[in-house]
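The block underneath contains the structure these notes are about, expressed in structure tokens.
In this chain, numbering begins with 1 at the start of the sequence shown.
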Amino acid sequence: MASMVKSQEAARRSTRIRAQIPFRLASLDPAVPFGEQCHTLVVNTEGCGVRLARPLEPGLPVLLDELPGNVSVRALVANCVPLGTGSNFWLVGLALEEPGNIWCIHPAPADWGGAPTPAAVVAPPKKENEWPYSVFSSKGEAHPGRK
């Protein structure tokens with residue numbers, strides 16, 4: 001059992017994060033009319049898991065729309081399992097056609113790629129002859145108004 005868990009983790013290419021991100025899911029197959037507002041349960045750069053009130057056939061092409069950042073992406077239904085015995089809900093796994101952080105998760109896990117670039121450190125400009133810098137002498141403290 002432990003070796004099976006390790007092989008599944010090795011096959012997964014990015015960390016899963018629990019997140020409820022609302023979006024619209026729609027079928028791209030005209031023979032399977034489907035469209036529903038839903039939200040994610042887990043996300044990663046490869047796809048997501050969603051809870052739906054109906055099953056979807058694995059391999060079905062779908063569109064994820066109204067995502068954060070106003071993007072739309074294509075995906076395939078990877079799997080579909082009932083949530084418990086006698087449940088009216090299904091856990092549907094969606095695999096993105098093009099992996100990426102479409103969820104706008106910041107900060108993202110290190111294995112999601114696209115690590116933020118550190119900001120360059122810029123030294124403040126020297127303004128020796130401008131106030132308040134001109135008030136101070138190189139000899140020590142200055143006390144304007146004091147004699």
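- Between I17 and W112 the shortest side-chain heavy-atom distance falls below 4.5 Å.
- Taking all atoms of both residues into account, the shortest heavy-atom contact from L96 to G47 is CG-CA, 3.7 Å.
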Legend entry - Stepwise side-chain contact (heavy atoms from CB on, under 4.5 Å) test for L64 and W103: CA-CA 11 Å; L64 285 69; W103 317 108; 3.8 Å; yes

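- Residues L94 and T40 form no side-chain contact, since every pair of their non-hydrogen atoms from C-beta on lies 4.5 Å or further apart.
- Taking a 6.0 Å sphere around CD of E97, one finds it holds more than 12 heavy atoms contributed by other residues, nucleotides or ligands.
- One hydrophobic cluster holds both W90 and V62 under the rule that ILVMFWY side chains link at heavy-atom gaps under 4.5 Å.
- Rounding to the nearest 0.5 angstrom, the gap separating the CD atom in E98 from the CZ atom in R74 is 10.5 Å.
- Residues L60 and F34 have side chains not in contact (no heavy-atom distance under 4.5 Å, counting atoms from C-beta outward).
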Legend entry - V92/L25 under side-chain contact (heavy atoms from CB on, under 4.5 Å): CA gap, chis, key distance, verdict: CA-CA 11 Å; V92 178; L25 180 64; 5.7 Å; no

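- Follow the hydrophobic side-chain contacts under 4.5 Å out from L41 and you never reach V77; the two are in separate clusters.
- In the hydrophobic clustering of this structure, V43 groups with L52; members are Ile, Leu, Val, Met, Phe, Trp, Tyr whose side-chain heavy atoms approach within less than 4.5 Å, directly or through other members.
- When the side chains of ILVMFWY residues are joined at heavy-atom separations under 4.5 Å, either directly or via intervening members, I102 and V42 end up in two distinct hydrophobic clusters.
- Distance check: E66 CD to S72 OG gives 8.0 Å after rounding to the nearest 0.5 Å.
- Hydrophobic clustering keeps L76 apart from L28 (ILVMFWY residues linked when any side-chain heavy atoms are closer than 4.5 Å, directly or through intermediates).
- Annotation: the span from L56 atom CG to C80 atom SG amounts to 6.0 Å, rounded to 0.5 Å.
- Proximity of a side-chain donor or acceptor of S14 to a complementary backbone N or O of T45 within less than 3.5 Å is detected.
- Here CZ of R16 is found 11.0 Å from CZ of R18. Values are rounded to the nearest 0.5 Å.
- A donor-acceptor pair under 3.5 Å is formed between the side chain of S27 and the backbone N or O of V32.
- Between C104 and G69, the shortest heavy-atom contact is SG-N, 4.2 Å.
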